[in-house]
Every structure is written in C-alpha cells, then in structure tokens.
Amino acid sequence: MNIVTWNVNSLRPRLERVRTLLEEHAPDVVCLQETKVVDELFPRDELLEMGYTAEVLGQKTYNGVAILAREPLEDVVRGLDDERFDDEARVIGARIGDVRVLDLYVVNGQRVGSVKYRHKLAWMERLHDYVHERFDPDEKLIVCGDFNCTFDDRDVHDPEAWRDSVPCSEPERDALAQLMSLGLRDAYRRFHEEAGQYTWWDFRTRGFERGRGLRIDHFLMSLSALEACRSVEILHDYRAGEKPSDHAPVLATLAD
DNA sequence: ATGGTCGCGGAGCGA
C-alpha cells in the first residue's frame with residue numbers, strides 16, 4: 001500500500017498538482033490537510049474521474065481534512081469526540097483493509113505562551129487520549145498529517161533561531177512524545193537518520209529556495225505497520241514550480 | 001530581518 005500525507009494549503013487551487021501526484025505515484029491512500037473547502041464544494045467529481053473516492057471533514061476558509069482512496073474507506077471517524085475542539089475540522093480517520101489511518105491537521109499554536117499555544121497543547125493532550133481510547137497499537141495503525149511539531153533539532157534548519165519557538169518548543173515536543181508513547185514510531189527516521197530533511201518551507205522568507213525548512217509532516221506507525229513499511233520519502237518536486245503548497249507531500253510504501 | 005508571501009474573500013486573519 002502506498003500512502004501520501006500532504007498539507008495542500010487549500011485544495012481547489014492545488015487540484016492540478018494533486019492530479020499529477022495521483023498519476024505519478026498512484027497512491028492507494030492520500031491524507032490531505034488544510035483543504036479549506038466546505039463539503040458541498042469539495043471537488044468530488046474531478047477526483048472520481050482520477051479514480052479516487054473521498055471522505056471529508058471540511059470547513060469554510062480554514063482547516064479541513066480529507067482522505068482519498070482508490071478503494072472504499074470503512075469505519076470513518078471525524079473529530080476528537082470533544083466539544084472543546086470539534087468546531088475545527090482537523091481530524092478524520094478510516095480503515096483500509098487491515099490498516100487504520102488517522103489524518104491530522106494539528107493546531108499551529110502561533111507563538112509560545114499565546115492562547116492558541118495553550119489550545120494546541122490541550123488539543124494534543126486530547127488527541128493522545130482519543131488515540132488511546134479508540135485505536136489499538138497491536139493493529140496496523142498509521143497516524144499521519146501536519147503535526148506542526150518537530151521531533152528534535154535535526155528537523156530544524158537553524159535550531160538556535162527556533163529554540164523555544166513554535167513548532168520546536170519543549171512542551172510541544174513533550175506532547176508529541178506522549179502520543180508516541182502509545183506505541184507509535186516516527187517512520188521517516190526508520191529510513192533516514194540525517195539532519196536537514198524538511199517538509200515545510202516558509203513562503204515569506206523564500207525558505208525553499210534557501211534550503212531553510214522544518215520537518216513537521218509525519219508518519220507515525222504502530223510496530224506492525226512499521227514492520228510492513230518499506231520506504232518513506234519526501235516528494236520535494238511538489239514544493240517547486242508554479243503555485244506550490246508551502247508543504248511537500250510525504251509518501252510511505254507498505255508491503256501488503 | 002518581528003519582515004516577508006500565500007489563500008480566502010473582498011478587510012484582515014491565519015499560517
């Protein structure tokens with residue numbers, strides 16, 4: 001099974017890039033974040049022509065997640081089952097065969113100490129409890145998406161400049177570690193140990209052109225999913241060219 | 001560099 005996670009920074013202006021990705025890699029599953037489209041306007045027909053069905057959780061202007069797949073998605077879940085957080089469209093999950101997938105757009109957090117930062121930490125704590133309650137790490141479980149969090153300084157182009165700042169602060173990394181403690185592994189690091197591997201680059205500072213980015217888009221896998229995993233690659237080409245998202249897609253390949 | 005550029009929606013916010 002080939003599975004992609006991609007923060008598209010709005011789906012509709014990115015649809016031709018999505019089409020290219022589907023044609024080039026023929027993924028079985030695509031987890032999208034920041035679709036920024038209400039469900040009624042989701043481009044279902046265009047994606048169906050490309051051979052993909054979709055389960056969506058949309059919202060006007062902000063956020064929005066969706067899972068595309070070539071086969072029907074089953075046991076679909078939406079949100080975190082918590083009214084404190086479910087006014088924002090950030091979580092959708094489904095089962096594809098024996099693989100459970102949870103697609104996340106984690107709260108950004110703006111800056112350390114802000115209301116949004118505290119909201120982020122509370123959101124991540126709720127995510128931990130939700131995964132613990134609802135998912136079985138003995139199954140093939142893949143939790144992927146835009147985590148808006150780095151694991152360590154290898155994921156940061158200038159660790160000193162980013163020290164104690166979103167998305168590199170210790171409380172954020174601790175919250176991510178808590179989630180990992182449920183039995184999840186950072187699948188990218190199973191195959192790539194080197195520093196300087198990024199999935200996001202700031203538009204404003206022309207970060208991509210300068211090679212200055214962060215690794216914040218992740219595949220967390222349970223042990224059985226990781227044992228089936230054959231590769232995880234960042235698709236840098238999709239960050240280049242005309243009208244890219246500020247995130248690159250990440251592609252994981254699993255044996256059947 | 002507390003700037004810069006996107007996307008949305010039609011001003012200012014979020015990232």
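Numbers restart at 1 for each chain; the letters A, B, ... are given by sequence-line order, proteins then strands. None of these values were measured; they are calculated from a predicted model. Just so it is clear, the values below take in all heavy atoms, side chains as well, and ignore hydrogens, waters and symmetry mates.
- Straight-line distance between the P atoms of B/dA11 and B/dA1: roughly 35 Å, to the nearest whole Å.
- Rounded to the nearest Å, the gap between the P atom of B/dG14 and that of B/dG9 is 14 Å.
- Closest to the A/Arg210 side chain, of the nucleotides B/dA1, B/dA15, B/dG9, is B/dA1.
- For A/Glu46, the CD atom is densely surrounded, since the number of other residues' heavy atoms within 6.0 Å is greater than 12.
- Between A/Asp158 atom CG and B/dA1 atom P there is a gap of 10 Å when expressed in whole angstrom units.
- Taking atom OH on A/Tyr62 and atom P on B/dG12, their separation rounds to 13 Å, with Å as the unit.
- A/Glu242 pairs by the salt bridge (Lys or Arg N to Asp or Glu O under 4.0 Å) definition with nothing, not counting sequence neighbours.
- The same atom, P, is picked in B/dG3 and in B/dG7; the two are 23 Å apart, to the nearest Å.
- We find that CG of A/Asn63 is positioned 17 Å from P of B/dC13, with the value rounded to whole Å.
- Residues A/Lys60 and A/His247 each lie close to DNA chain B; by heavy-atom proximity, the contact nearer the 5' end of the strand is made by A/Lys60.
- For A/Glu227, the side chain to side chain contact (heavy atoms under 4.5 Å, CB included) criterion is met by A/Leu223, not counting sequence neighbours.
- One atom, CG of A/Leu214, and another, C1' of B/dA15, lie 13 Å apart when rounded to the nearest Å.
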Taking only N/O atoms, report every protein-nucleotides 3-6 of chain B pair under 3.5 Å with atom names and distance.
unit_1: B/dG4; atom_1: O6; unit_2: A/Arg204; atom_2: NH1; d: 3.4

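- Rounded to an integer number of Å, the gap from CZ of A/Arg111 to C1' of B/dC13 is 16 Å.
- Under the rule for a side chain to side chain contact (heavy atoms under 4.5 Å, CB included), the partners of A/Arg95 that lie at least two apart in sequence or sit in another chain are A/Glu74, A/Asp75, A/Arg100.
- Nucleic acid contact class of A/Tyr105 (heavy atoms, under 4.0 Å, all strands): sugar-phosphate only.
- Summarising the geometry, the separation between CD on A/Gln33 and P on B/dA15 is reported as 14 Å, rounded to the nearest angstrom.
- For A/Ala94, the side chain to side chain contact (heavy atoms under 4.5 Å, CB included) partners at least two apart in sequence or on another chain are A/Ile67, A/Leu73, A/Val76.
- Residues passing the side chain to side chain contact (heavy atoms under 4.5 Å, CB included) test with A/Asp28, sequence neighbours excluded: A/Met1, A/Asn2, A/Arg70.
- When rounded to the nearest whole Å, the span between CH2 of A/Trp162 and C1' of B/dT2 equals 12 Å.
- Between A/Glu34 atom CD and B/dC8 atom C1' there is a gap of 11 Å when expressed in whole angstrom units.
- No donor-acceptor contact under 3.5 angstrom links the side chains of A/Thr199 and A/Tyr188, judged on distance only.
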